[in-house]
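I have placed the structure first, in the form of structure tokens, so that the comments after it can refer back to it.
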Amino acid sequence: MNLWLRLIWVLLTAKGRGHLDVPRESSALAFRVWPHDLDISIHMNNGRYLTLMDLGRLDFMVRSGLWREVLRHRWTPIASAVTIRFQRELRTFQKFRLETRLLCWDAALVVMEQTFVIDGGVRDGQAAARALFKGGLYDRKEKKFVEISRLMALLGVSEVSPPSTPEVAAFLHADDQLKQAGRVST
């Protein structure tokens, strides 16, 4: 139930956080670790990070204005790949921020960085976890991913993608290798 409450909270408070200027600005959502977020080690469950990342990307789409187009065209957000590096644990009742930013894109997919930042205490400002996400919007009617140039035009963005950093290139290469390995028949 708490995930539905967090989803409703993100949607109801999006306007108050202001419009996002894509690709220059990032989304930042404040959260707290609740007892139902914990695993048997009494820190935030690793699966919960991925679920909260969905909310960060939703906030990014809503505040950029892209969500209206998603609903209008009935596009489906699709995650193609995610890699996450856990650096510090998040304990019960600890506050943290989820920062989501667009790093780069190609013809049909974007790469985003999502960072869980500790908010308060002796580790204030330190990253608890950092993830790279690759995904896009799928048009079920057209049976293909929506071109990023179209999405950018809908947002009034005319910029070209920044170049991939070495870590993004490594992430994309690893994803491609895994994709190829999945195609091998046994």
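Residues take their numbers from the sequence shown, with the count starting at 1.
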_Minimal non-hydrogen separation, Ala131 against Met53, with atom names_ = CB-CE, 3.5 Å
_Using every non-hydrogen atom in the two residues, find where Asp106 and Ala108 come nearest and quote the distance to one decimal._
OD1-N, 3.0 Å
*Locate the shortest heavy-atom distance separating Thr115 from Ala127; write the atom from each residue and the value.*
CG2-CB, 4.0 Å
_Flag side-chain contact, heavy atom, 4.5 Å: Asp37 against Asn45_ = no
*asked:* The test is side-chain contact (heavy atoms from CB on, under 4.5 Å); show your working for Trp34 and Arg6 and say whether it passes.
replied: CA-CA 12 Å; Trp34 295 109; Arg6 284 175 168 159; 3.2 Å; yes
*Flag if over 12 foreign heavy atoms under 6.0 Å of CZ, Arg24*: yes
*Only one of Leu52, Asp54, Val62, Asp59 passes side chain to side chain contact (heavy atoms under 4.5 Å, CB included) with Val10; say which it is.*
Asp59
*Is a donor on one side and an acceptor on the other found under 3.5 Å between the side chain of Arg48 and the backbone of His36?*
yes
*asked:* Between Leu71 and Met61, is there shared hydrophobic-cluster membership here, with clusters defined by ILVMFWY side-chain heavy atoms closer than 4.5 Å?
replied: yes
_Minimum side-chain heavy-atom gap Phe96-Ile118 below 4.5 Å_ = no
_Regarding Glu89 and Arg91, does a basic nitrogen lie under 4.0 Å from an acidic carboxylate oxygen?_
yes
_Same cluster (ILVMFWY, side-chain, under 4.5 Å), Trp4 and Trp67_ = yes
*asked:* Working to the nearest 0.5 angstrom, can you tell me the gap between Cys104 SG and Leu172 CG?
replied: 6.5 Å
*Looking only at non-hydrogen atoms, find the nearest pair between Leu109 and Ser80 and report the distance.*
CD2-OG, 4.0 Å
_For a quick test of reading the model, state the closest non-hydrogen atom pair linking Arg101 to Ser26 and the distance between them._
CB-OG, 3.1 Å
*So, does Arg57 use its side chain to make a donor-acceptor pair with the main chain of Thr100 at under 3.5 Å?*
no
*asked:* Let me confirm one number: the NZ-OH distance from Lys143 to Tyr138, rounded to the nearest 0.5 Å.
replied: 7.0 Å
*Do you reckon Leu151 sits in the same ILVMFWY cluster as Phe133, going by side-chain contacts under 4.5 Å, direct or chained?*
yes
*Quick one: pull up CG in Leu98 and OG in Ser27 and give me the separation to the nearest 0.5 Å.*
6.5 Å
*Does the pair Lys179/Asp176 count as a salt bridge with the N-to-O cut at 4.0 Å?*
no
_Is the shortest side-chain heavy-atom distance between Leu137 and Ile78 below 4.5 Å?_
no
*Decide yes or no on salt bridge (Lys or Arg N to Asp or Glu O under 4.0 Å) for Glu99 and Arg97, but give the supporting numbers first.*
CA-CA 6 Å; Glu99 298 174 355; Arg97 283 185 322 276; 3.1 Å; yes
*Out of curiosity, does Phe116 fall in the hydrophobic cluster containing Leu50 (side-chain heavy atoms, cut-off under 4.5 Å, transitive links)?*
yes
*Student check: side-chain heavy atoms of Leu55 and Trp9 closer than 4.5 Å*: no
_For the CG atom of Leu132 and the CE atom of Met112, what is their distance to the nearest 0.5 Å?_
11.5 Å
*Check whether more than 12 heavy atoms from other residues, nucleotides or ligands sit under 6.0 Å from atom NE2 of His173, and answer yes or no.*
no
*Any side-chain heavy atom of Arg150 within less than 4.5 Å of one from His73?*
yes
_Closer than 3.5 angstrom, by distance alone: can the side chain of Asp139 be matched with the main-chain N or O of Glu142 as a donor-acceptor pair?_
yes
*So, Glu167 and Arg130, do they make that salt bridge, N to O below 4.0 Å?*
yes
*Is any side-chain heavy atom of Val110 closer than 4.5 Å to a side-chain heavy atom of Ile148?*
yes
*Would a distance-only check, ignoring hydrogens and angles, find a side-chain to backbone donor-acceptor pair under 3.5 Å from Thr13 to Gly16?*
no
*Stepwise, does the side-chain contact (heavy atoms from CB on, under 4.5 Å) test hold for Thr165 with Leu103?*
CA-CA 9 Å; Thr165 62; Leu103 295 179; 5.6 Å; no
_Hydrophobic cluster identity match, Val111 and Met152, side-chain contacts under 4.5 Å_ = no
*At what distance, to the nearest 0.5 angstrom, does CG of Leu29 lie from CZ of Arg63?*
7.5 Å
*Where the side chain of Ser161 meets the backbone of Trp105, is there a donor-acceptor pair that is under 3.5 Å apart?*
yes
_I want to check something: taking the side chain as every heavy atom from C-beta on, are Leu58 and Leu11 in contact at a cut-off of under 4.5 Å?_
yes
*First locate atom NZ of Lys95, then atom CG of Asp119, and finally report the distance between them rounded to the nearest 0.5 Å.*
6.5 Å
*So do the side chains of Pro35 and Phe93 get within less than 4.5 Å of each other, counting heavy atoms only?*
yes
_Heavy-atom neighbours of Arg32 CZ exceed 12 at 6.0 Å_ = yes
*Can you see which heavy atom on Pro23 is nearest to which on Leu102, and at what distance?*
CB-CD2, 3.9 Å
